[in-house]
Amino acid sequence: MLAAAFAVGAGSVASADSGTPVTPEPLSVLVCQGASDAYAVASVTRTPTLTHATKYSNGTSTAATATYTAAKQTTITASVTVSTGVTAEASAVIGKLSATSGLSLSASGSVTSSTSQSMTATVPAGQSVVVAAGRTVVNGTWTRSYCSGSGANMQTGTGPAKSFSVQEVAAAQCNVTQPAGTLLALAKAYC
């Protein structure tokens, strides 16, 4: 165990109204028994998020296969923020977030592309397709417990963290029902 709790302020005092001794609640302080630095993440969520999308329609009687461009709709920024306490190493937090989510995530400060994305797709005859790109956004809350050495008080910190997975591309045909909670379903909203 890296830290031990001990009580301070224990003892008896007299109650002002009855003279009956009252024992105060002990104040627990975590004291380090050695140097340590531990990170944890909680409340981790994974949310598909569309970043690029453009609709294409084919008014001809033959399918059209070509390279289509999806325009930027939004950008996502990876970040690690301190709400209270000690600061955090962003790479350690993103590493924990990645391990918990099971996804390869971008470093803090990374931003998704603001330029159009190209992909090859087929637009069936007489139909419309939305070509799209997106990421899975991962959010969570980090906690850090830090000990500088034996006898020091343990320092803690916490805050939100956000990152995103590698880019996925999709072509959602507008006349086809798309699976809920997927990039295809998000793309179909642009039909």
Side-chain angles (χ1 to χ4, degrees), residues 2-3 30 32 35-56 67-121 129-149 152-174 177-191:
L2 299 175
L30 292 177
C32 304
S36 65
D37 199 0
Y39 287 87
V41 291
S43 304
V44 176
T45 60
R46 296 168 38 144
T47 309
T49 304
L50 189 141
T51 56
H52 298 74
T54 301
K55 178 183 175 182
Y56 292 91
T67 298
Y68 297 96
T69 300
K72 184 204 80 161
Q73 302 300 324
T74 190
T75 55
I76 305 163
T77 303
S79 61
V80 175
T81 307
V82 179
S83 294
T84 60
V86 294
T87 60
E89 291 292 333
S91 59
V93 173
I94 298 296
K96 284 289 186 183
L97 209 57
S98 180
T100 303
S101 67
L103 296 171
S104 177
L105 299 177
S106 296
S108 180
S110 300
V111 182
T112 56
S113 177
S114 60
T115 60
S116 297
Q117 301 295 296
S118 298
M119 64 204 77
T120 301
V129 167
V130 175
V131 293
R135 313 286 182 125
T136 298
V137 174
V138 179
N139 284 285
T141 301
W142 62 268
T143 302
R144 180 186 185 193
S145 301
Y146 173 71
C147 283
S148 60
N153 289 347
M154 178 180 284
Q155 300 177 60
T156 60
T158 188
K162 175 181 181 179
S163 189
F164 51 85
S165 66
V166 296
Q167 180 171 274
E168 303 171 53
V169 295
Q173 195 169 317
C174 290
T177 300
Q178 304 297 342
T182 66
L183 185 61
L184 286 167
L186 295 174
K188 193 174 177 184
Y190 287 81
C191 287

### Flag side-chain contact, heavy atom, 4.5 Å: Val131 against Val169
no
### Query
Which heavy atom of Glu168 sits nearest a heavy atom of Ser165, and at what distance?
OE2-OG, 4.4 Å
With a cut-off of 3.5 Å and sequence neighbours excluded, list every side-chain donor-acceptor pair involving residues 108-115.
| residue | atom | partner | partner atom | Å |
| --- | --- | --- | --- | --- |
| Ser108 | OG | Val80 | N | 3.4 |
| Ser110 | OG | Ala107 | O | 2.8 |
| Thr112 | OG1 | Ile76 | N | 2.9 |
| Ser113 | OG | Thr115 | N | 3.1 |
| Ser113 | OG | Thr115 | O | 3.4 |
| Ser113 | OG | Thr115 | OG1 | 2.9 |
| Ser113 | OG | Gln117 | NE2 | 3.1 |

### Message
Going by ring-ring contact (aromatic ring centres under 6.0 Å, His included), name the pairs with one or both residues in residues 129-148, residues two or more places apart or in two chains.
### Response
none
### Task
Apply ring pair (Phe, Tyr, Trp, His ring centres under 6.0 Å) to Phe164 and list each qualifying residue two or more places apart in sequence or on a separate chain.
none
### Check: Ser106 main-chain N/O paired with Ser163 side-chain donor or acceptor under 3.5 Å
yes
### Query
Roughly how far, to the nearest 0.5 Å, is CZ of Arg135 from CG of Leu105?
11.0 Å
### Task
Could you tell me which residues satisfy side chain to side chain donor-acceptor pair (under 3.5 Å) with Tyr39, sequence neighbours excluded, listed by chain and number?
Arg144
### Query
How many angstroms lie between CD in Gln167 and CE in Met119, if you round to the nearest 0.5 Å?
7.0 Å
Identify each donor-acceptor pair in which a side-chain atom of residues 86-98 lies under 3.5 Å from a protein atom, sequence neighbours left out, and give them as a table.
| residue | atom | partner | partner atom | Å |
| --- | --- | --- | --- | --- |
| Ser98 | OG | Leu103 | O | 2.4 |

### Message
Just to verify, what does Thr143 make a side-chain contact (heavy atoms from CB on, under 4.5 Å) with, not counting sequence neighbours?
### Response
Thr158
### Summary
To the nearest 0.5 Å, atom SG of Cys32 lies from atom CE of Met154 at 5.0 Å
### Message
As an exercise, state the distance from NE2 of His52 to OG1 of Thr74, rounded to the nearest 0.5 Å.
### Response
9.5 Å
### Query
Excluding sequence neighbours, so at least two apart, what forms side-chain contact (heavy atoms from CB on, under 4.5 Å) with Ser104?
none
Name the atoms and distances for all side-chain donor-acceptor pairs under 3.5 Å in residues 181-191, with sequence neighbours left out.
| residue | atom | partner | partner atom | Å |
| --- | --- | --- | --- | --- |
| Thr182 | OG1 | Pro179 | O | 2.6 |
| Thr182 | OG1 | Leu184 | N | 3.4 |
| Thr182 | OG1 | Ala185 | N | 3.2 |
| Lys188 | NZ | Cys174 | O | 3.4 |
| Lys188 | NZ | Val176 | O | 2.9 |

### Task
Using side-chain contact (heavy atoms from CB on, under 4.5 Å) as the criterion, list what pairs up with Ala99, not counting sequence neighbours.
none
